[in-house]
Amino acid sequence: MDKLLLSTVTPVYRGAAYVERLVEALAAVRSDLQQSGIPVELTEAIFVDDAAVDGSAAVLAELERRHPWVRVIHLSRNFGQHPATVAGILHTSGDWIATLDEDLQHDPKYLLPLMTRAVTGGFDIVYASPTHGVHHGLRDVSSRGYKSLMSFLSGTPVTRQFSSFRLVRGSIARAACSLSTHDTYLDVILNWFTTRVASLPIPLDDVRVASGAKSGYSFLALLRHARRLLISSEIKPLRIGAAVGLSTIVASILFSLLIVIVKVIAPEAIELRGWASLMIVTLFFGGLTSFLVGIVLEYLSTVVLHTLGKPTFFVVDRSRDALLAPEAAASSPSR
Amino acid sequence: MIILDFSRDDTPFTVAVFGVGAIGYGVVDAIRRRVAAASISMPFAWLDADVRAAQGRAIEALLRERLGQGRTVHVVWSAGRSGFLSNQEDVDVELRTFEEVLRTWRNLSAEGPFSVHLVSSAGGIFEGQRHVDRDSSPWPVRPYGRAKLQQERALESAIATAGRHVYRVTSAYGYIASRFRPGLVSRLILDGLRHDVSRIIGTTTTLRDFVFIPDVARFISDRILQNRNASGDVCFLIDGRPHSLLEVQHAVEETMRRKLHVAYSLDPSNGQDITFSAALAPAGWVSSELRTNVAAIHRDARQMAG
């Protein structure tokens with residue numbers, strides 16, 4: 001029977017205490033799928049050893065020996081979660097790819113619901129949306145606040161949904177990852193390829209913090225994460241700045257015309273000589289400077305996106321979704 | 001074809017390489033880098049059966065003479081004129097030729113230490129299959145893949161296990177040389193340097209497994225020089241890491257710092273993914289990183305271009 005192939009990718013940095021349980025949970029999902037007759041097969045679970053600091057590599061090596069569907073990739077140094085995820089995705093061959101954290105925060109039992117949501121809704125990406133707070137209050141609030149701010153600034157509402165527990169169509173994930181650089185935010189690049197994005201409410205619990213251990217992310221790591229999101233996004237204020245500059249030029253020209261008309265029709269109305277012309281010159285050249293800076297930044301933004309490889313177009317084949325949801329696939333264009 | 005005569009660890013060897021294309025020449029080159037070998041080039045006609053028969057008799061006589069001198073003989077078959085898009089007629093010519101030489105090899109294998117190394121096609125035999133692993137069954141869908149599987153089976157019935165080495169190689173790419181068919185990476189680099197349009201069979205999302213020809217050649221030459229009996233297992237010379245064609249294109253573009261003009265084929269039958277589980281790779285096999293090799297091929301191509 002032809003099946004949809006599912007790959008999972010898990011970056012590992014400090015996961016020695018958790019990865020064995022994660023593999024057990026994945027094995028249970030794999031076995032359930034095999035027995036249920038659902039046309040989905042978990043073909044591979046890829047763990048990316050991101051120069052783990054706690055002996056995770058040895059645990060992973062043992063798991064790889066025990067399970068032929070577990071594959072471990074060792075990075076030469078610590079590159080961070082996003083690059084490790086990118087490396088993992090580029091080693092997959094599944095129709096769909098799920099990314100999960102190492103610390104059991106993302107329960108594999110939700111993989112099938114995520115796939116069902118994606119396939120029945122005709123989506124290319126489905127993010128897990130936490131049903132309740134995952135971390136401590138301040139971190140949850142600041143994370144939500146930052147994503148909302150970036151969503152506003154970049155003009156992409158989907159930024160609010162970003163989560164590291166995601167299911168992505170394989171072809172799109174691999175295409176996005178092949179364009180990623182050391183400093184790009186994976187979800188922003190994914191958004192270049194598709195706007196068919198959904199979320200599924202799923203309970204997420206930070207098992208690591210609940211057990212009294214330190215969070216996998218330090219404050220500095222979170223700041224780096226935020227910076228990566230900021231520089232990967234197209235920032236709307238660049239255009240707002242240029243638009244304000246252009247409006248100022250137009251306003252200064254209109255104001256000049258008004259002054260000229262007043263000077264001709266009622267010169268006695270101008271009591272203070274020099275003030276109006278000074279204002280006009282200031283407004284005009286201030287507006288011109290803002291406008292030109294806006295244009296230069298816009299050019300710069302275009303060059304950066306070109307360098308990053310933002311695609312002109314991308315062809316996608318969704319026809320295999322029919323294996324899991326024939327009705328949905330029939331009502332949605334396959335390519 | 002090329003015949004190499006050399007000695008290693010007091011054992012005299014003769015290696016006959018049929019098909020001096022990219023892989024065959026790579027094997028010859030890899031051996032020459034390791035040992036001082038005397039070489040003889042002999043013609044081998046594909047199209048004229050009478051000429052081929054006469055040449056075959058000359059090659060057989062030469063190899064028999066070498067066996068008579070107490071030399072260990074290794075024959076590498078990396079010959080082939082057909083490719084993925086070849087029709088049945090093309091592959092039939094190749095199969096007939098292979099069966100002719102196989103009859104000779106069977107006779108020779110009874111006369112002394114004699115091993116055959118057959119370079120086969122993993123992509124042709126498993127076309128359209130993803131994540132091919134030990135449980136996957138060969139299921140060729142084109143004349144090319146069926147012919148490759150037939151060659152393997154013919155070899156299996158003609159030569160004893162200990163003297164039979166089969167290498168299933170995935171999409172191979174290597175340095176650019178005018179006398180070889182360029183693989184995808186070389187084609188992209190070559191076209192990029194000339195600002196030509198590259199026509200690619202597949203789509204941007206098509207997944208393939210790419211191996212570097214010097215890695216393949218090194219592995220086969222190691223097997224020859226180690227002179228160990230074969231286990232009967234087929235060796236999958238694979239990377240185990242699928243690459244989408246878009247990723248390969250992007251890697252070449254980044255290396256060349258130039259946009260490529262690429263036209264992808266719209267025929268969906270050519271766009272099927274073919275990927276392999278890394279667990280299939282044999283012990284001792286090392287597949288080098290595609291991006292590093294792209295840079296090396298590009299540097300080499302630029303030096304050639306002056």
Side-chain angles (χ1 to χ4, degrees), chain A residues 2-7 41-46 48 64-65 67-73 76 86-97 124 169-182 189 192-193 306-320 334-335, chain B residues 126 128-136 139 170 200 202-210 238-255 257-269 271-281 287 289-292 294:
Chain A
D2 196 9
K3 292 181 173 183
L4 283 175
L5 306 185
L6 172 64
S7 308
E41 183 184 348
L42 202 168
T43 45
E44 57 190 352
I46 294 176
V48 185
E64 188 178 34
R65 198 191 54 76
H67 304 281
W69 47 274
V70 169
R71 178 147 185 229
V72 183
I73 298 159
S76 57
V86 166
I89 288 174
L90 285 176
H91 280 77
T92 62
S93 56
D95 294 301
W96 290 89
I97 300 163
D124 294 322
R169 191 176 295 281
S171 56
I172 286 178
R174 283 183 288 266
C177 288
S178 65
L179 300 184
S180 288
T181 67
H182 71 286
I189 309 283
W192 289 354
F193 288 86
H306 180 78
T307 310
L308 291 176
K310 186 173 183 179
T312 314
F313 67 90
F314 186 74
V315 179
V316 67
D317 182 358
R318 300 188 177 96
S319 57
R320 283 178 60 77
S334 64
R335 279 171 178 267
Chain B
F126 292 93
Q129 295 191 44
R130 268 182 301 168
H131 211 263
V132 171
D133 58 18
R134 298 236 172 263
D135 298 329
S136 305
W139 197 261
T170 54
I200 295 184
T203 66
T204 48
T205 58
T206 300
L207 293 177
R208 290 278 189 271
D209 186 286
F210 291 96
I238 56 165
D239 185 52
R241 137 104 149 90
H243 285 82
S244 68
L245 299 187
L246 179 73
E247 189 188 354
V248 176
Q249 180 192 335
H250 194 67
V252 174
E253 285 179 336
E254 271 192 345
T255 304
R257 295 197 184 92
R258 178 180 293 185
K259 279 278 175 195
L260 299 177
H261 309 298
V262 181
Y264 286 94
S265 158
L266 289 175
D267 181 356
S269 71
Q272 288 185 314
D273 301 333
I274 315 171
T275 67
F276 296 84
S277 161
L280 280 175
S287 176
E289 173 69 26
L290 184 129
R291 276 180 183 261
T292 316
V294 166

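Given the structure is predicted, the values throughout are model-derived calculations rather than measurements. Every chain is numbered from 1, with letters handed out A, B, ... down the list of sequences.
Here the OG1-CZ distance, from B/Thr205 to A/Arg169, works out to 10.5 Å after rounding to the nearest 0.5 Å. In this structure, CD on B/Gln129 lies 12.0 Å from OG on A/Ser93, to the nearest 0.5 angstrom. Rounding to the nearest 0.5 Å places NE2 of A/His91 at 7.5 Å from CG of B/Asp239. From A/Glu44, atom CD reaches atom OG of B/Ser277 across 8.0 Å, with rounding to the nearest 0.5 Å.
Proximity to chain B is absent for every atom of A/Asp2, based on heavy atoms less than 4.5 angstrom apart. With a 4.5 angstrom heavy-atom cutoff, B/His131 touches chain A via backbone and side-chain atoms both. Only the backbone of A/Thr92 comes within contact range of chain B, with at least one heavy atom under 4.5 Å from a heavy atom of that chain. Proximity to chain B (any heavy atom under 4.5 Å) is shown, for A/Ile172, by neither the backbone nor the side chain. Interface residue B/Arg291: only side-chain heavy atoms are found under 4.5 Å from chain A.
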Test side chain to side chain contact (heavy atoms under 4.5 Å, CB included) on A/Arg174 and B/Leu246 and set out the steps. CA-CA 9 Å; A/Arg174 283 183 288 266; B/Leu246 179 73; over 6 Å; no
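Per-residue heavy-atom pair counts under 4.5 Å with chain A were compared for B/Thr275, B/Thr206, B/Leu207, and the maximum is reached by B/Leu207.
Considering all non-hydrogen atoms of both residues, B/Arg130 and A/Gly94 come closest at NH1-C, 3.8 Å. The two residues A/Val315 and B/Thr204 make their nearest non-hydrogen contact at O-OG1, 4.5 Å.
A donor-acceptor distance shorter than 3.5 angstrom exists from the side chain of B/Arg241 to the backbone of A/Leu90, with no hydrogens or angles considered.
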